[in-house]
Protein chains: 2
Amino acid sequence: MDTITIKDIARALNLSTSTVSRALRDSYEINTETKRLVVEYAERLQYRPNPIALSLKENRSRVIGVVVPQIANLFFSQVINGIEAVAYNRGYHVSIFQSHESYERELATVQQVVARKADGLLISLSSNTCNVAYLRQLQEKKLPIVLFDRVSKDLEVPSVTADNFAGAFAATEHLIQTGRRRIAHVAIPATISIAQERLAGYRAALEQYGIPYEEKLVRHAGFGPNEVDPIVDDLLQQKPDAFFAASDRLAIGCLTALKKRNILIPRQIALIGFTNITVADLLDPPMTTVEQPALEIGQVAAGRLIDLIEGKQNAVTTDSLKIPTRLVIRASTKAGA
Amino acid sequence: MDTITIKDIARALNLSTSTVSRALRDSYEINTETKRLVVEYAERLQYRPNPIALSLKENRSRVIGVVVPQIANLFFSQVINGIEAVAYNRGYHVSIFQSHESYERELATVQQVVARKADGLLISLSSNTCNVAYLRQLQEKKLPIVLFDRVSKDLEVPSVTADNFAGAFAATEHLIQTGRRRIAHVAIPATISIAQERLAGYRAALEQYGIPYEEKLVRHAGFGPNEVDPIVDDLLQQKPDAFFAASDRLAIGCLTALKKRNILIPRQIALIGFTNITVADLLDPPMTTVEQPALEIGQVAAGRLIDLIEGKQNAVTTDSLKIPTRLVIRASTKAGA
DNA sequence: TTGTACGCGTTATCAC
DNA sequence: GTGATAACGCGTACAA
């Protein structure tokens with residue numbers, strides 16, 4: 001992996017490294033002829049400036065670090081696409097990392113990202129992250145940080161999320177309006193910030209329609225492989241007439257569990273998912289969903305972060321942007337459809 | 001982002017930077033007491049060595065670059081999980097990048113990865129990449145490279161793929177054995193290496209069962225948003241009794257198209273997908289699939305690359321490892337099920 | 001218009 | 001047992 005450097009060019013052309021450097025950066029003070037010579041030679045040798053040396057010198061890298069709990073999740077991979085689109089246009093490279101829902105890995109990954117002089121950090125917290133002290137420290141050291149989706153109120157940085165409250169409200173309201181009253185809610189782990197908001201939206205809808213909230217109809221499911229099944233069993237004990245699943249994974253888990261038990265959707269049970277799965281309309285019957293604006297979340301978060309990096313915005317603002325969700329009705333929750 | 005360096009420690013403790021460096025690296029020649037002092041102080045100030053400086057000095061980074069066409073694809077994200085598991089255990093960080101099916105972005109991304117002194121490159125080629133000269137150059141500069149899934153025979157580097165021939169053979173054979181004879185094949189773009197192998201597997205199965213190969217029953221579909229629909233239309237003109245879809249995306253596209261046209265699966269048409277989608281058994285009827293061993297591909301590829309990096313294997317070997325696929329029968333292709 | 005010298009953070013080499 | 005120095009590749013203040 002022998003790389004060609006500015007020195008090599010200088011030596012070959014009998015110039016000093018500074019002249020070469022300036023010529024390559026098209027400095028006004030360099031003779032046109034010299035410039036041509038240098039640029040031509042550099043071109044021919046495929047010279048590429050060493051970003052590592054630059055990072056060391058300038059203490060920055062034009063790289064944005066992105067840390068998500070998992071990549072094998074359409075929501076997060078779409079967010080990343082949004083991030084990349086914006087970052088690329090504004091001249092930043094994006095490095096992607098996974099925390100695998102582990103606090104320790106998240107910590108280690110973020111430290112690595114920081115040590116490598118990422119100019120900013122976009123992060124969605126792992127479900128096991130309760131302590132964000134390490135992020136606060138970084139923030140105090142002036143590292144630009146923007147949280148998205150899985151955010152934390154203990155951290156005074158900008159955050160970008162879907163409007164989870166409104167989304168959950170719309171989902172629940174839709175179920176109620178189509179005649180359901182005992183709506184079970186399979187929620188994501190309570191440690192995740194947005195779990196609360198989705199729960200709140202669910203409760204608010206019930207309240208608005210005069211339906212009492214029953215704790216027994218709500219269960220949180222973690223990320224274990226076989227967690228959803230027994231939870232659905234338990235919830236079925238409560239004789240629900242609908243399920244509101246709070247994520248892709250849980251929606252699929254519920255569908256599978258209900259199918260195993262030969263429960264007809266939507267005849268016996270209506271199901272609505274807070275998701276991004278593309279196959280919702282392939283199911284029979286198709287599933288109504290609350291679509292998360294993943295791409296837009298990524299775009300907005302990246303834009304916000306880059307503004308922060310480039311000092312275009314006050315760094316101490318703690319705005320939390322909420323991107324609207326979209327209720328996509330696919331007939332499944334229309335009673336008896 | 002003020003970071004604490006070895007210099008700071010040296011100054012504070014009235015030592016030289018070299019002493020501090022040695023103390024931190026637990027060098028035998030340093031006084032125990034001095035060591036203790038240094039280590040303690042470093043601990044207290046949360047000193048972290050600067051990997052950028054190390055990379056500059058040592059011309060390596062303990063980072064593996066991974067480039068995939070897209071992340072929003074369960075196959076690739078699972079491969080990445082396999083890669084990470086192995087890399088992490090062997091002390092490497094993994095940086096993930098997308099080429100977005102564009103040759104230009106792939107090229108730019110790889111250059112960036114190389115410029116940042118990644119110790120090795122794991123790459124699955126974009127569908128628009130016909131020219132791998134740039135990779136050959138890197139290989140000649142001794143950069144360890146391992147290809148996976150979308151490989152190239154024009155490149156003499158190790159490659160890891162699913163056994164696409166056997167998988168396609170098994171899928172086609174299954175359709176034949178369940179009574180189908182006019183099997184349409186919706187293939188991935190012909191530029192992608194594995195398209196050929198899947199096609200070959202399909203043809204071999206036909207041949208073995210004495211069914212003539214018909215060109216009109218095979219169509220390649222690109223990545224455009226509305227490409228699959230008209231192709232399915234065309235294929236239906238040929239009165240097929242089965243579809244073999246060569247990827248997740250295409251399987252879903254076929255299902256959607258057939259559903260739109262009110263064609264019953266599997267009564268009128270049997271469908272089999274070469275995929276990794278987790279919802280195959282939620283469909284009604286469930287879809288039989290050829291499962292790709294994504295996780296294992298990632299693990300094997302990463303292991304192979306790290307062996308290369310660490311010189312444990314001859315760098316010029318051009319082994320191409322094929323990981324077995326698995327035919328998962330979910331009743332859909334059983335005629336009349 | 002061009003060249004010299006320095007510093008970014010680290011470690012290896014050589015000196016004391 | 002410890003310190004000074006050079007080197008990795010680059011850009012720039014300063015000198016010529």
Side-chain angles (χ1 to χ4, degrees), chain A residues 1-39 41-42 45-63 111-112 114-119 141-142, chain B residues 1-39 41-42 45-63 111-112 114-119 141-142:
Chain A
M1 281 309 308
D2 49 316
T3 329
I4 130 126
T5 77
I6 233 170
K7 260 190 202 165
D8 301 323
I9 303 180
R11 205 175 315 122
L13 267 49
N14 252 321
L15 291 169
S16 77
T17 57
S18 43
T19 306
V20 175
S21 171
R22 279 182 282 233
L24 289 171
R25 321 199 77 239
D26 202 20
S27 165
Y28 64 97
E29 37 183 1
I30 297 290
N31 185 308
T32 323
E33 178 57 13
T34 315
K35 258 188 208 170
R36 199 186 53 73
L37 229 61
V38 171
V39 170
Y41 190 78
L45 264 66
Q46 294 210 60
Y47 166 78
R48 296 277 177 274
N50 182 332
I52 299 263
L54 278 174
S55 291
L56 183 60
K57 193 166 175 27
E58 304 186 350
N59 228 337
R60 63 190 223 118
S61 59
R62 292 231 141 228
V63 167
Q111 302 292 15
Q112 173 72 6
V114 170
R116 292 218 164 256
K117 304 296 172 202
D119 292 353
K141 288 190 184 167
K142 306 297 176 214
Chain B
M1 281 314 306
D2 48 316
T3 328
I4 129 125
T5 77
I6 237 171
K7 263 191 199 165
D8 301 323
I9 302 180
R11 206 175 314 123
L13 266 49
N14 252 320
L15 292 168
S16 76
T17 57
S18 30
T19 306
V20 174
S21 173
R22 278 182 284 229
L24 289 172
R25 322 196 76 239
D26 202 20
S27 165
Y28 64 97
E29 38 183 359
I30 297 289
N31 185 308
T32 322
E33 179 58 13
T34 315
K35 256 187 208 169
R36 200 185 53 73
L37 230 62
V38 170
V39 170
Y41 190 80
L45 263 67
Q46 293 209 59
Y47 165 78
R48 296 278 176 275
N50 183 334
I52 300 265
L54 279 175
S55 292
L56 182 59
K57 192 159 175 31
E58 304 184 352
N59 230 343
R60 64 190 225 119
S61 60
R62 294 232 140 227
V63 167
Q111 301 292 14
Q112 173 72 8
V114 170
R116 292 218 164 257
K117 305 295 173 199
D119 293 352
K141 289 190 185 166
K142 306 299 176 210

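To find a chain, count down the sequence lines: A is the first, B the second, and so on, and within it residues start at 1. As the structure is a computational prediction, the values presented were derived from the model and not from experiment.
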Run A:Q46 and A:I4 through side-chain contact (heavy atoms from CB on, under 4.5 Å) and show every step you take. CA-CA 8 Å; A:Q46 294 210 60; A:I4 130 126; 5.9 Å; no
Whichever of A:T17 and A:T34 has its nearest DNA chain C nucleotide further upstream toward 5': A:T34
Sugar-phosphate only, base, or nothing, as touched by B:N14 at under 4.0 Å among non-hydrogen atoms: sugar-phosphate
Once you round it to whole Å, what is the distance between P of C:dG7 and CG of A:L54? 19 Å
So which heavy atom on B:L24 is nearest to which on B:I6, and how close? CD1-CG1, 4.1 Å
Using a cut-off of strictly less than 4.0 Å, decide whether A:S21 has a side-chain nitrogen or oxygen near OP1 or OP2 of D:dC10. no
Separation of B:K57 atom NZ from D:dC10 atom P, in whole Å? 16 Å
State whether the side chain of B:S61 and the backbone N or O of B:K117 hold a donor-acceptor pair below 3.5 Å, judged by distance alone. yes
Separation of B:K117 atom NZ from D:dC8 atom P, in whole Å? 12 Å
Atom of A:L56, atom of B:I52 and distance for their closest heavy-atom approach: N-CG2, 3.7 Å
Identify which nucleotide among D:dG1, C:dT1, D:dT12 has an atom closest to any side-chain atom of B:N31, counting heavy atoms from C-beta outward. D:dG1
Select from B:Y28 and B:L56 the residue whose nearest nucleotide in DNA chain D is closer to the 5' end of that strand. B:Y28
Return the value, rounded to whole Å, for the distance between atom CD1 of A:I30 and atom C1' of D:dT12. 12 Å
Strictly distance-based, threshold 3.5 Å: is any side-chain N or O of A:S27 a donor or acceptor partner for the main-chain N or O of A:I30? no
Output yes when at least one side-chain N/O atom of B:T19 is less than 4.0 Å from OP1 or OP2 of D:dT2, else no. no
Below 3.5 Å, does any donor atom in the side chain of B:S18 face an acceptor in the base of D:dA4, or the other way round? yes
Nearest-Å distance, CD1 (A:I52) to C1' (D:dC10)? 12 Å
Write down the distance between CZ (B:R11) and C1' (D:dT2), rounded to a whole number of angstrom. 18 Å
What is the distance, rounded to the nearest whole Å, between atom CD1 of B:I6 and atom C1' of C:dC8? 14 Å
Taking only N and O in the side chain of A:T5, is any of them less than 4.0 Å away from OP1 or OP2 of D:dG9? no
Can you check the B:E58 CD to C:dT13 P distance for me, whole Å? 12 Å
Look at the side chain of B:R22 and the base of D:dG3, then say whether one donor and one acceptor between them are separated by less than 3.5 Å. yes
Do the side-chain N or O atoms of A:K7 get closer than 4.0 angstrom to the phosphate oxygens (OP1, OP2) of D:dC8? yes
Against the side chain of B:R25, the closest entry in C:dT10, C:dT11, D:dC10 is C:dT11
